[in-house]
Structures are given as structure tokens and as C-alpha cells.
J.: 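Below you will find the structure I want to go over with you.
The analysis underlying the following values was restricted to heavy atoms, covering all of them including side chains, and did not include hydrogens, waters or symmetry mates. Atoms within each ligand, like the ligands themselves, are counted from 1 in listed order.
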Amino acid sequence: MSTLLDMPVQVWQDAVEVPQDPPPQLNAENHRSRAALERILKDPFDDAAWADLVRTYDEMAPEWTDWAKDQHWYAAPVSVGLAHIRPVPWIVEVGCGTGQATLVLSKAGPPVLATDVNESMLTGAPCLPQTHYLAADVRRLPFRDGSVPLLVGLNGVPHLHEFTRVLAPGGQLLWCTSFGAGTPLYVHPDRLADMLGPEWTTRAGRAGHGEWLLATHNA
Ligand SMILES: C[S@@+](CC[C@H](N)C(=O)[O-])C[C@H]1O[C@@H](n2cnc3c(N)ncnc32)[C@H](O)[C@@H]1O
């Protein structure tokens, strides 16, 4: 098995604009959701860790929009990462929260289906053209095997088994964080690429305070 040190180095794109304002200090490494995420990365079927995450963000939902709207570079990795995708007929977003990345996706052109397990988050999301919201758990996405052309997540929890199940041949996964390692739900792009394995071609980059990874399944 390859490690972070000996794996093939993926293409990293430099950030086009570097923000003047510093990122928020979220104490990411000690954040409750980071511990749950690490448990999930070790065992994607750790139901207690998943339940902890669902509860954590359900509790945060009432303040989420207000908090996120003050972060000016919040969705920059999604905008920049989108510029690298192959055109798709529709887009699925996972863990959409109150819609900060959804807003960017809704302007990209194809229809968007934005999903989150917490209805408390979805009720705070904006009405957007060509965009529908759906309550769905990322572990059990309501899509047929091999049917989704593009999955997008910003500051979400990856479930690679499920992503691999629903993605179409040649499907794309755009995985972003707003603050890189300063994001509580953070997986380094190289680590995620390593977890995905050799059937995927990846490239990554920085944007705003964050990072993006675009992984394309080799059809
Ligand atoms: C850190 S928030 C990110 C929200 C939004 N994407 C953003 O960047 O503002 C993580 C999101 O993942 C959602 N989430 C947690 N567990 C989930 C699960 N099992 N399935 C789907 N979404 C989940 C939470 O409800 C929350 O909205």
C-alpha cells in the first residue's frame, strides 16, 4: 500500500488570489467533529461516530448561515475547482448545510440536487434557480448505482464506498474545504487521493484559505 510520502504526487494548482484577511481559528485539530471524522476514516461503518456528527451539526444549524456569511472566501475552492471539471448534465452536492457551495453550483449551469442529512440545515438554505434540496444521508444516497456524473462536497464527510457506488463511469468528485487543515472536517487531498486508489485520477489546488481535490474515476 502506498503512503503519503511514496504515493504519486498529484498536480497541485497554486491559488490565484491570496486573501488578506486571516482564516478563522476553529481549533480544528481538537474539534469534536475532527475526532468523529478520524473514526469514520478508519471505519466508514462506525455508526456512533456518524451519529455524533449528525447531532453536532444539527445543533449548529440555527447559527450556520450567519457564521458562514462572514467568511468571504468560504466557497472559493468550489468556484476554482469547478473550473477544472468536465461538463456534466447535473450535479449532486452532499452535506450542503445552508447552501454556501450550492449558491456557487447553481450558477454553474447544470441543475443541482443539494443534499444534507439535517433538515435543520436545509431549512436555512436559499431558494435558487435550477436547484432542489433533498434530505439524504451521505451513507445512503438516493441514486442508482453508476448514475451520478458529479458529486461535490464543501467541508463535508466523505463516504467513499457510497461515492464509488453512485458515480457514473468516468464520474467526478470535487471535494473542498474552506480553510484547509484549519477546517474541522478536514482530510488532506493527498490522503483522500490515496484512499481513493489507483482507479482515480486526481488533481488538487488551493483557493482562498481552502483546498480542493478533483478526482475522476478512470472509466
Ligand atoms: C461542516 S458542515 C458543512 C456544511 C456546508 N457544506 C458548508 O460548508 O457550510 C457539515 C455538513 O455535513 C452534514 N452531515 C453530517 N453528517 C451527515 C451525513 N451522515 N449525511 C449527510 N450530511 C451529513 C451536516 O448536517 C452539515 O450540514
Side-chain angles (χ1 to χ4, degrees), residues 23-24 26-29 31-41 43-82 91-106 112-126 128 131 133-143 148 150-163 165-166 173-187 207-213:
L26 302 176
N27 195 17
E29 280 184 19
H31 199 278
R32 168 180 170 187
S33 60
R34 175 73 70 90
L37 172 68
E38 284 300 331
R39 284 165 58 197
I40 286 167
L41 294 176
D43 175 8
F45 302 98
D46 183 335
D47 288 340
W50 282 100
D52 192 15
L53 278 185
V54 173
R55 199 170 42 248
T56 298
Y57 289 100
D58 187 37
E59 287 167 11
M60 289 184 187
E63 294 90 40
W64 198 262
T65 305
D66 271 355
W67 177 81
K69 81 171 163 32
D70 291 335
Q71 311 302 325
H72 300 124
W73 297 86
Y74 196 74
V78 179
S79 308
V80 175
L82 268 183
I91 300 172
V92 171
E93 185 187 356
V94 292
C96 68
T98 57
Q100 280 67 28
T102 321
L103 181 61
V104 173
L105 297 174
S106 73
V112 177
L113 192 49
T115 66
D116 197 288
V117 74
N118 280 317
E119 297 209 16
S120 51
M121 282 282 185
L122 294 173
T123 55
L128 296 166
T131 302
Y133 294 98
L134 188 67
D137 194 308
V138 74
R139 293 172 289 173
R140 291 178 288 277
L141 292 170
F143 308 111
V148 176
L150 172 64
L151 277 174
V152 180
L154 174 66
N155 308 319
V157 201
H159 195 287
L160 302 186
H161 286 76
E162 188 63 352
F163 295 170
R165 182 187 73 76
V166 300
L173 170 66
L174 178 61
W175 201 252
C176 307
T177 54
S178 296
F179 312 114
T183 309
L185 289 176
Y186 178 66
V187 186
H209 294 297
E211 297 170 358
W212 55 270
L213 173 80

J.: Checking salt bridge (charged side-chain N to carboxylate O under 4.0 Å, His left out) for the pair Asp58/Arg55: CA distance, chi angles, key distance, verdict?
T.: CA-CA 5 Å; Asp58 187 37; Arg55 199 170 42 248; over 6 Å; no

J.: Can you tell me which residues line ligand 1 if we count any heavy atom under 4.0 angstrom from one of its atoms, in chain and number order?
T.: Trp50, Val54, Tyr57, Trp64, Tyr74, Gly95, Cys96, Gly97, Gln100, Asp116, Val117, Asn118, Met121, Ala136, Asp137, Val138, Leu154, Asn155, Leu185

J.: Please state whether the rings of His161 and Phe45 are parallel, tilted or perpendicular, taking 30° and 60° as the class boundaries.
T.: perpendicular

J.: Taking atom CD of Glu29 as the centre, does the number of heavy atoms from other residues, nucleotides or ligands within less than 6.0 Å exceed 12?
T.: no

J.: Is it the case that more than 12 heavy atoms not belonging to Glu119 sit under 6.0 Å from its CD atom?
T.: no

J.: Fit a plane to each ring of Trp50 and His159, take the angle between them on a 0 to 90° scale, and name the class: parallel (under 30°), tilted (30 to 60°) or perpendicular (over 60°).
T.: tilted

J.: Angle class for the His209/Phe179 ring planes (parallel below 30°, perpendicular above 60°, tilted otherwise)?
T.: tilted

